[in-house]
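To keep things clear, I will list the structure first and then write my remarks on it.
Hydrogens, waters and symmetry mates are skipped; everything else that's a heavy atom, side chains included, is used. Lettering follows sequence order; numbering is per chain, from 1. Small disclaimer: the values here were computed from a predicted structure and weren't measured.
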Amino acid sequence: MTPELYEKWNNLWNEKKLFLFDGKDTKRKLFVIDTPPPFTSGEMHIGQAFWVCYIDAIARYMRFKGFSVLYPQGWDTHGFPIELAVEKLHGKGLPRQEFYSKCEEFAREKLDLMKRQMLGLGASFDPGREYVTMTKDYMRRVQLSLIIMNDKGMLYRGRHPVEWCSYCGTSIAREETVEKESETALNYIDFMVDGKPLTIATTRPEMLHACVALAVNPKDDRYRGLIGKAAITPIFSRKVTVIGDDSVEKEFGTGAEMVCTFGDKADVTMAYKHKLETIDAIDESGKLKNAGKFTGMPVKDARKAVIAELQAQDNLKKSEQTRHTVKVHDRCGTKIELLSSIQWFIRSKEFAGKIKELANDISWAPEFARQRLIDWSDFIEWDWNISRKRVFGTPIPFWYCAKCGHVVPPFEEDLPVDPAVDKAPAKSCEKCGSHEIVGERDTCDVWVDSSITPMVVAGWPDDMELFKRAFPATMRIQGLDIVRTWAFYTILRCWALADDKPWRQLLLHGMILDTTGKEMHKSTGNGVSPEELMTKYPVDAIRLWAALSGGIGKDKPFSYEEINFANSFIVKLTNSSKFVKGLVAGKDIPHDAPHKDLGAFDLWILDRLNTVVGEVEDAYERMNLYEAMTKLINFYWHEFCDYYIENVKYRVYSKEAKDQAGATAALYTLRHVLLSCLRLVAPVMPYTAEEINAEYSQVSLFEGGLPPHRPREPGSGYIINGVVFRSAVMDFDYTKVGAVLNDIIADVRKAKAAKRISLNKEITSINIKVPEEYYTAVLASKDEISQICKSGSVSVSKDREYSVTVDV
RNA sequence: GGGCCCGUGGUCCAGUGGUUAAGACGCCAGCUUUACACGCUAGAAACAGGAGUUCGAUUCUCCUCGGGCCCACCA
């Protein structure tokens with residue numbers, strides 16, 4: 001299919017406004033889809049191509065079913081990676097406004113690129129329903145959502161240890177960290193307890209100044225007696241207490257450790273648990289604080305200096321190399337420090353129960369994904385830190401009193417605001433009267449932006465009429481890998497704002513891995529780019545590949561063999577349709593089935609079609625595109641093409657007048673099966689289906705619906721070649737008769753193959769023995785068998801065992 | 001250490017308390033058959049291992065082994 005054809009059908013669909021959502025249409029039932037807004041930092045990747053194809057097929061199917069489908073597409077534009085990219089392009093140090101504009105420009109450029117690529121895959125989202133997180137309109141909604149949450153007391157500003165990246169100069173959330181293994185020294189240091197030395201082991205001697213306790217395991221006989229006693233820190237000579245804590249492992253180091261604020265998270269936990277005092281150890285630029293003569297030293301330098309000092313004082317017993325993992329910032333690779341600072345938080349820990357409740361009210365596919373969210377909810381330790389010391393983000397829309405910390409929200413009509421530059425909405429603090437009202441300079445974590453998408457797509461807060469109908473969304477599709485972030489935060493925020501679950505159904509997809517089953521990474525260069533696939537394969541082949549990529553929620557290696565297979569089905573469909581078209585062209589074929597002229601094979605394939613329509617629809621209903629397409633392909637290729645078409649060729653080629661009724665019946669059936677199958681594949685392969693359909697109809701496939709599926713009526717009797725059968729008498733139906741007849745033909749083919757003669761070759765006779773119940777039906781189809789198998793004579797007799805013999 | 005998922009022909013991937021365990025890629029043997037050799041016909045080839053529940057297990061339970069993901073810890 002040429003690019004012009006894609007253009008042609010896209011234009012037609014656009015002209016007819018087939019994919020636009022009409023919010024005023026209250027007659028049809030709504031189907032609302034919440035799709036992931038891709039992060040606009042580069043090209044579309046294969047995983048995105050996968051879900052775009054997948055969800056688009058579902059959207060098209062639902063339109064077929066008569067739903068009014070609200071299928072928008074958004075773009076997640078804010079974020080640190082774009083700031084990094086812009087810094088790379090334009091250097092550091094641009095003024096805030098200019099820097100923001102450059103980021104905007106960059107994001108817009110990538111957004112346009114990705115949108116082109118998505119549309120290139122045939123995505124049928126409604127362009128009028130697009131949202132972009134960096135627009136004023138979107139930020140207004142985000143800010144409003146925060147004001148509401150603040151009013152509800154779900155937002156607070158507080159001092160709290162946060163994971164901090166000193167390179168980026170910002171706090172980050174737990175999910176922005178990755179683990180990295182590295183080599184470091186484990187140092188054995190002496191503390192004095194009761195005038196005797198107690199050796200502890202630490203990898204962070206530079207934290208010594210913030211040491212607030214020593215900890216040992218209370219079950220450790222060596223140290224049990226020391227619990228509660230005072231210890232003196234070396235260098236700083238601070239008096240600290242020895243505490244007992246189960247988290248201390250007897251086997252590690254010496255079995256004794258120092259507790260600092262905040263060396264690592266275990267320290268924080270212990271500090272809370274044992275109500276220890278805290279000492280700010282490190283400042284925001286990664287330099288030591290409150291550390292006497294070491295104050296102001298970067299961590300690395302301080303480590304050396306402290307070690308040197310300990311050595312000088314003969315307090316360093318030994319130092320051994322060890323491997324350990326540290327948390328680093330996923331964007332820049334800098335080691336994360338914990339430090340206490342003033343941040344904005346959304347209360348989440350206390351709502352874990354509510355989130356679990358909502359999660360149980362949502363249907364999850366696959367079901368096991370629900371457990372991931374529940375596990376995560378159970379593990380929340382801290383509230384959600386939403387402030388980022390970045391520029392390219394939605395400003396946190398608050399001012400606060402520098403004296404008492406009272407939060408001053410903006411007026412709703414002023415949104416969006418940027419408190420970093422805008423004038424405060426109040427001159428003085430209503431709580432303490434202070435005139436020092438300060439605008440917040442921090443921006444929001446990007447998940448704050450994206451955690452209200454189901455509300456935004458439903459029109460919140462402007463079109464509340466629509467919102468009432470379109471929220472909760474019918475479904476969201478998203479990656480299994482971001483359940484604990486996007487899904488979690490969306491459930492939390494939508495519940496806080498709208499008091500409901502965000503969607504009725506969640507469809508979680510896995511990752512597309514490389515051909516060897518490993519994750520695709522830019523650094524390893526094992527990626528497969530959709531752009532490249534699109535130059536090699538028709539769009540429909542990529543879409544069919546996505547549909548055939550196995551069960552939902554499973555990771556799947558990418559495979560060229562599979563996309564080749566998808567492509568070969570498109571070729572098969574195209575070729576077979578050409579064949580049918582060539583036969584029916586210029587013929588007068590009835591619109592309705594010519595019942596009295598239908599032969600056993602016609603009835604068989606029509607019966608099978610009826611069954612397959614039901615099965616495929618059922619699979620679509622369950623969003624199981626794999627099953628839908630597998631069933632359809634097997635039917636179309638191996639039953640319709642390989643058997644039916646071959647079986648009726650002799651009829652449609654016949655020039656004799658007496659055969660014309662049978663020929664017409666066959667042509668009717670050929671056309672009917674083809675056109676029905678087109679409707680079944682159209683959601684997945686819209687271009688191919690539309691192109692073929694256009695040869696028969698002026699009306700777009702997407703203006704119509706699915707082919708009708710009629711439940712079979714038992715006991716109504718059957719007519720084959722003028723012979724009437726009743727199912728009450730014989731336990732069979734068209735499908736069973738067809739299967740027997742096809743078996744006979746297959747056996748003749750086998751016999752020919754065994755004798756190494758061409759299938760086309762005339763043979764003398766076929767002798768068929770069939771059990772009683774099939775005798776009449778087979779006998780009635782004698783002539784057809786003879787013609788199809790090119791046999792001089794066919795004899796049919798009853799026997800207990802079925803058998804076919806052939807005389808050449 | 002905790003949790004979750006998965007082990008089906010050489011490869012990928014369906015499926016089921018009773019099936020001749022589907023299909024695709026690959027392989028082997030044939031076939032110019034008036035749509036298609038990106039085709040057609042035929043063929044070889046699989047339920048990780050063990051125990052249990054059951055009349056019957058590939059399917060349910062447990063264990064072992066193997067693979068993956070997530071979380072926690074790593075002073």
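- Legend: residues meeting side chain to side chain donor-acceptor pair (under 3.5 Å) with A:Arg204, ordered by chain and number and at least two apart, are A:Glu206, A:Glu337.
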Which nucleotides of nucleotides 22-28 of chain B have their base under 4.0 Å from a protein heavy atom (B), which only their sugar-phosphate (S), and which neither (-), written as one string 5' to 3'? -SSS---
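- From A:Ile282, atom CD1 reaches atom CG of A:Leu339 across 7.0 Å, with rounding to the nearest 0.5 Å.
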Nucleotide-level pairing of RNA chain B, given in dot-bracket where Watson-Crick and G-U pairs need both distances under 3.5 Å and | marks other strands: (((((((..(((.....[....))).(.(((.......))).)....(((((..]....))))))))))))....
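- OP1 or OP2 of B:A35 sits under 4.0 Å from a side-chain N or O of A:Tyr653.
- Comparing B:C38, B:C71, B:U41 against the side chain of A:Arg484 picks out B:C71 as the nearest.
- In this view, A:Lys750 and A:Asp747 satisfy the salt bridge (Lys or Arg N to Asp or Glu O under 4.0 Å) rule, not counting sequence neighbours.
- For A:Gln371, the side chain to side chain donor-acceptor pair (under 3.5 Å) partners at least two apart in sequence or on another chain are A:Asp375.
- Every ring pair (Phe, Tyr, Trp, His ring centres under 6.0 Å) that A:Phe558 has, sequence neighbours left out, goes to A:Trp545, A:Tyr560.
- Taking the centre of each ring, A:Phe569 and A:Phe565 stay at or above the 6.0 Å mark.
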Under 3.5 Å, N/O pairs linking protein and nucleotides 60-63 of chain B:
none

Along nucleotides 15-21 of chain B, 5' to 3', which nucleotides get a B, which get an S, and which get a -, given that the test is a protein heavy-atom distance under 4.0 Å? -------
Please list, pair by pair, any protein nitrogen or oxygen found under 3.5 Å from a nitrogen or oxygen in nucleotides 2-4 of chain B.
{"unit_1": "B:G3", "atom_1": "O2'", "unit_2": "A:Asp375", "atom_2": "OD2", "d": "2.6"}

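- A:Lys318 meets the salt bridge (Lys or Arg N to Asp or Glu O under 4.0 Å) test with A:Glu320; sequence neighbours excluded.
- Contacts of A:Asn187 classified as side chain to side chain donor-acceptor pair (under 3.5 Å), with partners at least two apart in sequence or in another chain: A:Ser319.
- For A:Lys536, the salt bridge (Lys or Arg N to Asp or Glu O under 4.0 Å) partners at least two apart in sequence or on another chain are A:Glu532.
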